[in-house]
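Structure first, then comments.
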Amino acid sequence: MMSHAVETPVFQGPFDLLLHLILQDEVDLYEVRLSDIVDAYLAELERMEAMDLDLATEFVLIAATLIELKSKRLLPDDDDIDLDEELALWEERDLLLSRLVECKTFKDAAAAMGGIARDAGRSYPRTAGVEERFLGLLADLLEHTTADDVRSAFLRAVAPKPTPQVSTAHIHQIRVTVTDAVVEMLDELPRVGRASFADLTDGLVERIEVIVRFLAVLELFKQGWIDIEQPHTLGGLEVVWLGTAEVDEVDLELVDAYDG
Amino acid sequence: MSEDDQERELRRAAEALLLVTEEPLQPELLAQLLEVSTERIELLCTELAAEYDATDRGFQLVKVAGGWRYQTHPELAPYVERYVLEGQSARLSGAALETLAIVAYKQPISRAQIAAIRGVNADGVMRTLSQRGYVEEISRDPGPGQAVLYGTTQSFLEKLGLNSLDELPALGDFVPGAEVYEALERGLRPDDDE
Amino acid sequence: MSEDDQERELRRAAEALLLVTEEPLQPELLAQLLEVSTERIELLCTELAAEYDATDRGFQLVKVAGGWRYQTHPELAPYVERYVLEGQSARLSGAALETLAIVAYKQPISRAQIAAIRGVNADGVMRTLSQRGYVEEISRDPGPGQAVLYGTTQSFLEKLGLNSLDELPALGDFVPGAEVYEALERGLRPDDDE
């Protein structure tokens, strides 16, 4: 699989990035490695100097939808898939699709407006105003202005312009890749043999980390290294190590190319 | 071409006023100053514009943002740009253009609505656009919260050289074609039916 | 009248430049911009002036202070006067007052510095303030670039009822943000790329 280098202009948000990934590169989201998308998102977030919470939230939302969509592909065909979940997923997908279409529409409209502005910029208006002989007719504009008004106006003019800043500290915690999660579990699972998904995600704070860990489990399942059991309906997942070989033999290259 | 005295005076006075105006001169104001109807002003300016065009002048009379103004002919931009170094209006960034497009087509619109369409917070960009005079508060959402609603300004029309918002291409022209839609659709398909 | 292409281009370019200039355009500068001799420019402008006269335009091309500029025909002064009286607002706009205040407290100051503090181009506002006689050029930056530095006028002090700048209200314990200092410093550097 070709390495998907994300060398991009500065993206103006998650939609922009997603549009780029799907359209510019003409990739099928299921062909492109999910970790690339996730990592590209994270890299983009890091690049933005003034982090903002809305953007981060938006990212997590979209990432979660993508991951859900992708995970459907990794799961073996199962007729027992909950119909409600299935419908909800389609609904989310449709929502994402319509937002991408809207984003693309305005992107193209903006490009056209840029062209119009460029053309208009080739004509320069006359701004010389009235000749000096008419200036005497102008009223005294300072008639009602006091020295204190001037002082207040100065303070207004030099007041620092507010630039909204949100701490990025909480964002850095979510810098995890699926490959990292796979490696961690390859270290742990052969030793314990069996673990609940809850144990495997114990101590993880961010939802995105749990999602990434879940993807790693699916990945190992797909490669046949583990089995997943769910003893009770709606109960917790149990992960069982099936591997007999040495762990070295697990080829990380095969991890659905989840190399960041 | 014969022109009676009154018509001649009217035309000359209009030319003089158009020369001194610093903003596009609204036909209503011109009509009031020259004591004729707005219709007559519109006709007069249209004729003048055609005359300058026919006599191949280096300037044009155009209708921008609802008013008439003299401006240099676009073909002469290379000469004018040698002289007008400053004052060249700065280019709008991609983010600014996209936000401006959303405001232009969706006004009145709140910042939250803009952010929802762009997928990112729009506060910084909106502040820049508002400082540069391209957008402004035009009303408040009557609903709870009373969000400030924004719209584009006269300066925006001037920046684009448009007479009114109606001259913007229809938004429908930009709705992605079947090809793009399919690509997006395919990209987001949960089933592997290919 | 037949006119070859080069002559036509020259005439149109001259008209465009004359339209945008705010000061009388010196023939030497015009000659340089159009890459022809000063004599040719003088001839061209004289011919253009005669043409406007012959076609009974409401504007004239005249030589003022050694340079050429468009101005309204004196016969139409009553209309221009009406426009000036009609169109004026009785107060300074917020932007104009802020700019005036910056000049008052920070003089001598260049236009680039003012623009940097306000975050927007201040040329239009400065021209208004200067036309109104509230600000004027007081010196030149000694550094490379020799930017024009502005200050307030005697008339400004009189209108506010002050005897000298020392009587401007103290700014108190006000500490400007880092960006203001930066703007003031940046404005004085020769390679100001804004």
Side-chain angles (χ1 to χ4, degrees), chain A residues 9-10 12-13 47-52 54-55 110 113-169, chain C residues 16 19-23 64 69-72 74 77 80-81 83-85 87-102 104-106 114 117-119 123-124 127-129 131-134 155-156 158-162 167-172 174 176-180 183:
Chain A
V10 176
Q12 290 154 28
R47 232 195 326 265
M48 295 188 176
E49 285 180 13
M51 182 59 220
D52 88 48
D54 291 345
L55 178 52
M113 265 176 44
I116 294 172
R118 250 193 316 284
D119 288 347
R122 293 172 57 76
S123 285
Y124 292 78
R126 178 169 171 90
T127 54
V130 295
E131 294 120 43
E132 53 280 2
R133 65 194 155 110
F134 298 105
L135 291 177
L137 294 170
L138 297 173
D140 173 17
L141 294 182
L142 285 180
E143 200 177 346
H144 303 289
T145 305
T146 67
D148 281 334
D149 293 338
V150 174
R151 177 181 182 275
S152 320
F154 178 79
L155 295 179
R156 259 199 321 279
V158 299
K161 317 285 187 282
T163 35
Q165 295 241 326
V166 176
S167 161
T168 61
Chain C
L19 189 82
V20 294
T21 187
E22 293 182 7
E23 306 287 323
V64 174
R69 77 163 186 200
Y70 284 118
Q71 64 180 39
T72 55
V80 180
E81 281 165 19
Y83 167 75
V84 171
L85 292 171
Q88 66 181 329
S89 52
R91 277 203 184 196
L92 276 182
S93 70
L97 187 57
E98 282 183 21
T99 305
L100 184 57
I102 292 170
Y105 279 99
K106 290 288 171 187
I114 298 166
I117 292 175
R118 296 204 49 239
D123 293 356
R127 211 161 51 77
T128 306
L129 291 174
Q131 275 183 348
R132 294 299 180 117
Y134 302 145
S155 152
F156 165 79
E158 284 165 16
K159 309 254 186 213
L160 288 185
L162 306 176
E167 291 181 19
L168 272 176
L171 293 172
F174 159 77
E179 72 215 60
V180 173

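Proteins come first, then strands; the chains are lettered A, B, ... in the order of their sequence lines, and each starts at number 1.
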Using a 4.5 angstrom heavy-atom cutoff, name the option from C/Leu168, C/Val80, C/Thr21, C/Val20 with the most pairs to chain A.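 The candidate making the most pairs under 4.5 Å is C/Val80.
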Top of C/Ala95, C/Gly133, C/Ala77, C/Ala96 for chain A proximity - count of heavy-atom pairs under 4.5 angstrom: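 The option with the most such pairs is C/Ala77.
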To the nearest 0.5 Å, what is the distance between [atom1] on [X] and [atom2] on [Y]?
| X | Y | atom1 | atom2 | answer |
| --- | --- | --- | --- | --- |
| A/Phe134 | C/Leu85 | CZ | CG | 10.5 Å |
| A/Leu155 | C/Glu98 | CG | CD | 10.5 Å |
| A/Thr145 | C/Tyr134 | OG1 | OH | 8.0 Å |

Are the side chains of [Y] and [X] in contact, using a 4.5 Å heavy-atom criterion?
| X | Y | result |
| --- | --- | --- |
| A/Val150 | C/Tyr105 | yes |
| C/Gln131 | A/Glu132 | no |
| A/Thr127 | C/Arg127 | yes |

Is C/Leu19 in contact with chain A via its backbone, its side chain, both, or neither, using a 4.5 Å heavy-atom distance?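 It is both, since atoms from each part get that close.
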Contacting region of C/Leu100 [heavy-atom separation from chain A under 4.5 Å]: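 Side chain only.
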For a side-chain contact (heavy atoms from CB on, under 4.5 Å) check, start with the C-alpha distance between C/Arg69 and A/Glu131, then their side-chain angles and the critical distance, and finish with the verdict. CA-CA 10 Å; C/Arg69 77 163 186 200; A/Glu131 294 120 43; 3.9 Å; yes
C/Glu81: which residues meet the side-chain hydrogen bond (donor to acceptor under 3.5 Å, both in side chains) condition with it, sequence neighbours left out?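 Not a single residue meets the side-chain hydrogen bond (donor to acceptor under 3.5 Å, both in side chains) criterion with C/Glu81.
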Please list, chain by chain and in numerical order, all residues satisfying side-chain hydrogen bond (donor to acceptor under 3.5 Å, both in side chains) with C/Glu23, sequence neighbours excluded.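 Expected list: none.
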So, A/Arg151 side chain and C/Ala170 main chain: donor-acceptor pair closer than 3.5 Å or not?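 The answer is yes, because a donor-acceptor pair under 3.5 Å joins these two groups.
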Between A/Arg133 and C/Thr72, is there a side-chain donor-acceptor contact under 3.5 Å, judged purely by atom types and distance?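 Yes, A/Arg133 and C/Thr72 have a side-chain donor paired with an acceptor closer than 3.5 Å.
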